[in-house]
Amino acid sequence: MRIHRSLLVTAAACAFLPSVLAAQSKRPSVGILLGTNIATISDADQGIADVSGANFKKKHRIGLNVGAFVKIPLSSMLSLQPELHYAQNGVKIEGNSGTIDNIDLALDYIEVPVLLRLDLGNSNSSIHPLLLAGGSYASRVRCKLTASAGSSSLSQNCDADNGSTDPFKKSDYGVVGGAGLEMKSGGHSISLQVRYTYGLQDIAKTETPTTKPKNSAIGILLGFGL
């Protein structure tokens with residue numbers, strides 16, 4: 001019995017040894033991410049309509065998304081990838097009430113995604129696909145509401161007056177999923193990634209039964225591994 005157990009342990013070690021050695025042979029790498037966010041907030045149009053009594057149409061807000069990452073190999077294909085981003089989120093709303101033409105809500109965050117990365121196929125080939133999944137925490141650094149009517153416009157920071165009238169929470173958290181293609185050349189890498197970030201928290205300080213405003217964004221990013 002002991003001999004059989006020893007053989008099983010030896011066989012299992014031999015099976016996992018290539019992955020362990022491959023992971024150890026690869027050192028952590030760093031890189032930067034540059035791209036854009038296509039963001040929106042769920043129920044934002046309904047929330048404003050409930051307050052004003054007018055109808056509004058929700059549109060995406062296009063913003064900047066820049067960041068840096070550390071790729072830590074766990075095996076030949078799987079890596080842990082913590083990141084740090086500056087991401088511009090929010091929403092744009094068009095009005096047809098005759099009094100408000102457009103509303104622009106800018107919500108910018110410092111985001112900290114912690115992702116698992118799976119490099120598919122042969123990661124040593126010149127081009128290979130990759131998958132990303134994980135969670136993210138975000139701390140708000142900017143909140144600005146701009147409303148326009150005709151040739152007039154009004155802008156207001158959410159945290160004006162020491163934040164006493166700030167309607168939004170200053171932090172958020174959510175889940176992240178994405179996919180991309182990476183190309184390696186000369187010891188460096190270039191990737192094109194598409195990600196979807198979905199906020200799990202109602203970002204409004206005051207809860208209502210009819211609206212649950214949550215952040216979401218599609219990120220299109222170029223990654224440069226150094």
Side-chain angles (χ1 to χ4, degrees), residues 33-67 85-111 113 132 135-161 163-180 192-222:
L33 295 160
L34 305 172
T36 186
N37 256 9
I38 305 172
T40 189
I41 299 175
S42 61
D43 292 343
D45 51 345
Q46 183 61 46
I48 295 177
D50 290 344
V51 174
S52 65
N55 293 323
F56 291 89
K57 181 180 179 181
K58 184 174 62 174
K59 302 186 72 175
H60 290 91
R61 181 174 186 262
I62 309 300
L64 184 67
N65 189 336
V66 297
H85 288 250
Y86 176 79
Q88 294 181 329
N89 294 337
V91 67
K92 286 181 177 289
I93 297 173
E94 290 184 349
N96 55 9
S97 64
T99 56
I100 299 177
D101 295 328
N102 295 285
I103 296 173
D104 180 38
L105 174 60
L107 291 173
D108 299 351
Y109 293 89
I110 297 295
E111 296 181 350
L132 298 159
S136 180
Y137 173 80
S139 177
R140 199 187 79 198
V141 294
R142 178 173 177 258
C143 177
K144 186 175 182 180
L145 181 66
T146 302
S148 63
S151 58
S152 302
S153 64
L154 176 66
S155 295
Q156 177 70 47
N157 291 323
C158 298
D159 53 1
D161 301 323
S164 59
T165 59
D166 188 348
F168 301 108
K169 298 173 183 176
K170 293 191 175 182
S171 63
D172 195 13
Y173 57 89
V175 292
V176 183
L192 176 62
Q193 304 175 19
V194 179
R195 303 180 178 188
Y196 180 67
T197 302
Y198 180 73
L200 299 177
Q201 176 181 234
D202 183 344
I203 62 172
K205 285 183 177 179
T206 303
E207 295 184 2
T208 62
T210 58
T211 59
K212 300 292 182 183
K214 296 180 180 180
N215 284 308
S216 65
I218 297 172
I220 302 174
L221 300 168
L222 279 175

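- Panel note: side chain Asp166, backbone Phe168; a donor-acceptor pair is recorded below 3.5 Å.
- The two residues Pro167 and Cys158 make their nearest non-hydrogen contact at CD-CB, 4.4 Å.
- Atom-to-atom distance recorded for His85:NE2 and Arg195:CZ is 5.0 Å, nearest 0.5 angstrom.
- Glu111 is listed as a side-chain neighbour of Ser136, based on a closest heavy-atom distance under 4.5 Å.
- Salt-bridge formation is not detected for the pair Asp43/Lys212: no Lys NZ or Arg NE/NH1/NH2 atom is positioned less than 4.0 Å from an Asp or Glu carboxylate oxygen.
- Heavy-atom minimum distance, Gly199 versus Lys214: O-CD, 3.6 Å.
- Asn157 has its side chain out of reach of Leu145: every pair of non-hydrogen atoms, C-beta onward, lies at least 4.5 Å apart.
- Between Leu192 and Leu222 there is a side-chain heavy-atom pair separated by less than 4.5 Å.
- Partner Val66 forms a side chain to side chain contact (heavy atoms under 4.5 Å, CB included) with one of Leu33, Leu221, Leu34 and no other, that one being Leu34.
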Subject >> Step-by-step side-chain contact (heavy atoms from CB on, under 4.5 Å) determination, Leu200 to Val175 >> reply: CA-CA 7 Å; Leu200 299 177; Val175 292; 4.0 Å; yes
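- Between Val176 and Leu132, every side-chain heavy-atom pair lies at or beyond the 4.5 Å cut-off.
- Of all heavy-atom pairs between Ala217 and Asn89, the closest is CB-OD1, 4.0 Å.
- Applying the side chain to side chain donor-acceptor pair (under 3.5 Å) test to Ser155 and every residue at least two apart in sequence or in another chain returns Thr146.
- Side-chain polar atoms of Asn215 and Tyr109 form a donor-acceptor pair below 3.5 angstrom.
- Taking a cutoff of 4.0 Å between a charged side-chain nitrogen and a carboxylate oxygen, Asp104 and Lys59 do not qualify as a salt bridge.
- Closest non-hydrogen pair, Leu105 versus Cys143, comes out as CD1-SG, 4.3 Å.
- A donor-acceptor pair is defined here as one N or O able to donate and one able to accept, closer than 3.5 Å; no such pair exists between the side chain of Gln201 and the backbone of Lys169.
- Between Arg140 and Asp172 the shortest side-chain heavy-atom distance does not fall below 4.5 Å.
- Contact detail for Pro213 and Ile41: the closest heavy-atom pair is CB-CG2, 3.7 Å.
- Looking at heavy atoms from C-beta onward, Glu94 lies out of side-chain contact with Lys58 at the 4.5 angstrom threshold.
- Sorted by first then second residue, the salt bridge (Lys or Arg N to Asp or Glu O under 4.0 Å) pairs that include residues 141-155, not counting sequence neighbours, are Asp108-Arg142.
- No donor-acceptor pair under 3.5 Å is formed between the side chain of Thr40 and the backbone N or O of Val91.
- With rounding to the nearest 0.5 angstrom, the CG atom of Asn37 is 9.5 Å from the CD1 atom of Ile218.
- Contact annotation: the side chain of Asn65 never approaches that of Gln88 to less than 4.5 Å [non-hydrogen atoms, C-beta and beyond].
- Considering only heavy atoms from C-beta on, Ile110 comes within 4.5 Å of Tyr86 through its side chain.
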